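All remarks here apply to the structure that follows.
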There are 2 protein chains.
Amino acid sequence: MPAGFYPHDAKFLVAVDCIIFGFKNQELSILLTRRPVEPNKGEWSLMGGFMDENESLDKAAEKVLFRYTRQKGIYMEQVGAYGEVERDPGDRVVSVAYYALVRLEEFDTTLASAFDAKWVNIHQLPRLVFDHNRMVDDALQLLRFKVSLQPIIFEFFEGKFTLPSLQDLWEAIYQMPVDKRNFRKKIAAMGILDRLEIKDKSSSKRGAFYYTFNRQKYDEFIASGNRFSL
Amino acid sequence: MPAGFYPHDAKFLVAVDCIIFGFKNQELSILLTRRPVEPNKGEWSLMGGFMDENESLDKAAEKVLFRYTRQKGIYMEQVGAYGEVERDPGDRVVSVAYYALVRLEEFDTTLASAFDAKWVNIHQLPRLVFDHNRMVDDALQLLRFKVSLQPIIFEFFEGKFTLPSLQDLWEAIYQMPVDKRNFRKKIAAMGILDRLEIKDKSSSKRGAFYYTFNRQKYDEFIASGNRFSL
DNA sequence: ACAAAAGTGTTCACACTACACCCATGG
DNA sequence: CCATGGGTGTAGTGTGAACACTTTTGT
């Protein structure tokens, strides 16, 4: 811990709030909870927590994520810092928002009830406490930007996925339909996926092939001067 | 000031560091200073300051900007929060970075010496204290993104500018040459500039026409479903 | 045999790139 | 009159958008 060099005396609580995105029932959802403490107890809120003395912002966010999802190695990225004076009526708190992408397939549903938490479709978001709605808007904008330029969309799946489901996810993120052939053409052109020999028959008689993201192929693709783009 | 609802006791100094961009001598520069206090006194640093109890993050950044530039209404945007435990050896400090675009033409050069400050070309940046180099990298990346999608490049000028200088600025930001005709075509296609009847003769015998950004035309351009793109 | 979702190619429009010459003026 | 930077148009190419039918298989 660094020594106190500065005479400045204004110190602040620093919180971390997480926008946890998941893909479920063809829709993009985020994990919300009923706020367990006053003020605004019982209202809908993002998952959050305070940063401790001996941890970094990123570590604090990872802690929050693990606490509510029990998943490790979650993809996570900072959205920004929110520092309005009156943003939290409970105290002067500076909050740093992070968004995260989780694999809903392996999500432990008993956790949700334990924390009074719920997956809510991004179209049916209730009013959230403080400035959390703004955080969600900012996170969604950043998510769209990142998805279009980096191969993070695959983080929503546990390893394998089908092209129809990938496209459904893409459409849920951008809230716009895409032509199936154009979408698949773009994916195929990059050559960064491997097709497995097995099919997912849960949503059609014919079945859709599973694919996996091949990081090595991706690295080679990038190394040869190409740019990922979705 | 909100009441203290939370029993949490970990409080932190919150600083704001500003990456102040200016355009000078065909090059993009940022304003640096010799750090006036220990630790690392005398080393190169961004312009910064601590946030006070009764001000927001944005206000704290505006305060820093005004202190070092004496300009009001500066374009400014948050880059992100930096919260590594050991990032500042002087104390545990969470710092929030902002970048800003200033009009160097109206810059009071006496200020620079008063604060031991200096405009430094982004290619010749020295090693800065703490994680300031990383902040600059992040700010530059964000700047490039924003410039390509929003008409903020005009913030570098006090009202009028010539197309050659605008192109020089663009090239300085992206570090790549652009074809003159293509660049002007793109600008002209949007129809968001007004050509003045006067010329800048400081860099050629013939003189280059001055232009101004016309916000009303810009709003109409956007309202008709078009997208700004540079 | 039929319903329901998976899979597959081609054409067209537009945006981006490359490229070279004349113009205006001060010295 | 010439050196210097300002200003202009066109053709080609590649990328993104539109579009419809066949395949598979469980019921």
Side-chain angles (χ1 to χ4, degrees), chain A residues 25-27 144-145 147-149 157 160-212 221 224-230, chain B residues 23 25-27 144 147-149 157 160-172 174-212 221-222 224-230:
Chain A
N25 304 331
Q26 326 269 85
E27 273 303 335
R144 286 179 178 140
F145 173 61
V147 162
S148 76
L149 294 177
F157 301 100
K160 63 187 192 307
F161 49 87
T162 65
L163 294 184
S165 63
L166 187 67
Q167 181 173 349
D168 287 342
L169 173 53
W170 193 96
E171 292 175 340
I173 292 173
Y174 289 99
Q175 284 303 299
M176 52 172 71
V178 195
D179 182 84
K180 199 181 5 171
R181 285 163 290 187
N182 293 337
F183 182 78
R184 295 163 94 107
K185 215 185 312 171
K186 219 183 214 172
I187 302 265
M190 295 191 275
I192 58 177
L193 299 187
D194 292 327
R195 192 174 85 174
L196 306 185
E197 288 312 313
I198 50 175
K199 287 183 165 190
D200 168 30
K201 297 218 168 191
S202 66
S203 65
S204 80
K205 333 265 179 166
R206 183 177 178 176
F209 281 107
Y210 278 116
Y211 287 76
T212 55
F221 176 74
S224 10
N226 296 298
R227 298 222 148 274
F228 181 89
S229 158
L230 261 193
Chain B
F23 180 53
N25 305 331
Q26 326 270 86
E27 273 303 334
R144 285 177 179 145
V147 162
S148 76
L149 294 177
F157 301 101
K160 63 187 193 307
F161 49 87
T162 65
L163 293 185
S165 64
L166 188 66
Q167 180 173 350
D168 286 342
L169 171 53
W170 193 97
E171 292 176 340
Y174 289 99
Q175 286 301 303
M176 50 174 71
V178 193
D179 181 84
K180 200 181 4 172
R181 284 163 290 188
N182 294 337
F183 182 77
R184 295 163 94 107
K185 214 185 313 170
K186 220 184 214 172
I187 302 264
M190 295 191 275
I192 58 177
L193 299 187
D194 291 326
R195 192 174 82 174
L196 306 184
E197 289 312 313
I198 49 174
K199 288 184 164 188
D200 169 31
K201 298 219 168 190
S202 66
S203 65
S204 79
K205 333 263 181 170
R206 181 177 178 178
F209 281 107
Y210 277 116
Y211 288 77
T212 55
F221 176 74
I222 296 300
S224 12
N226 296 299
R227 298 222 148 274
F228 180 90
S229 158
L230 263 192

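For clarity, every value in this text was computed on a predicted model and none was experimentally measured. Values reported hereafter were calculated over all heavy atoms of this structure, with side chains retained and with hydrogens, waters and symmetry mates removed.
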Under-4.0 Å side-chain N/O to phosphate OP1/OP2 contact, A/R184 with C/dG7: yes
What's the [atom1]-[atom2] distance between [X] and [N], to the nearest Å?
X	N	atom1	atom2	answer
B/F183	D/dG7	CZ	P	12 Å
B/D179	D/dT10	CG	P	15 Å
A/Y211	C/dA6	OH	P	12 Å
B/K201	C/dG27	NZ	C1'	13 Å
B/I187	D/dG7	CD1	C1'	15 Å
B/D200	C/dA24	CG	P	18 Å
B/M176	C/dT17	CE	P	10 Å
B/L166	D/dG7	CG	P	12 Å

Residue whose nearest DNA chain D nucleotide is more 5′ - A/K205 or A/K180: A/K180
Residue closer to the 5' end of DNA chain D, B/L163 versus A/R206 (nearest nucleotide): B/L163
Residue that, paired with B/L163, satisfies side chain to side chain contact (heavy atoms under 4.5 Å, CB included) out of B/Y211, B/F209, B/Y210: B/Y211
Sugar-phosphate, base or nothing in reach of B/K185, heavy atoms under 4.0 Å: base
Sugar-phosphate only, base, or nothing, as touched by A/S203 at under 4.0 Å among non-hydrogen atoms: sugar-phosphate
Listed nucleotide nearest any side-chain atom of B/A208, set D/dG7, C/dA6, C/dT17: D/dG7
Min side-chain heavy-atom separation A/V178-A/Q167 under 4.5 Å: yes
Side-chain heavy atoms of B/L166 within contact of B/F157, under 4.5 Å: yes
Exam field: side chain B/N25 to backbone B/E27, donor-acceptor pair closer than 3.5 Å: no
Polar side-chain atom of A/D168 near backbone of A/Q26 as donor-acceptor pair, under 3.5 Å: no
Toward the 5' end of DNA chain C, by each residue's nearest nucleotide, A/G207 or B/R181: A/G207
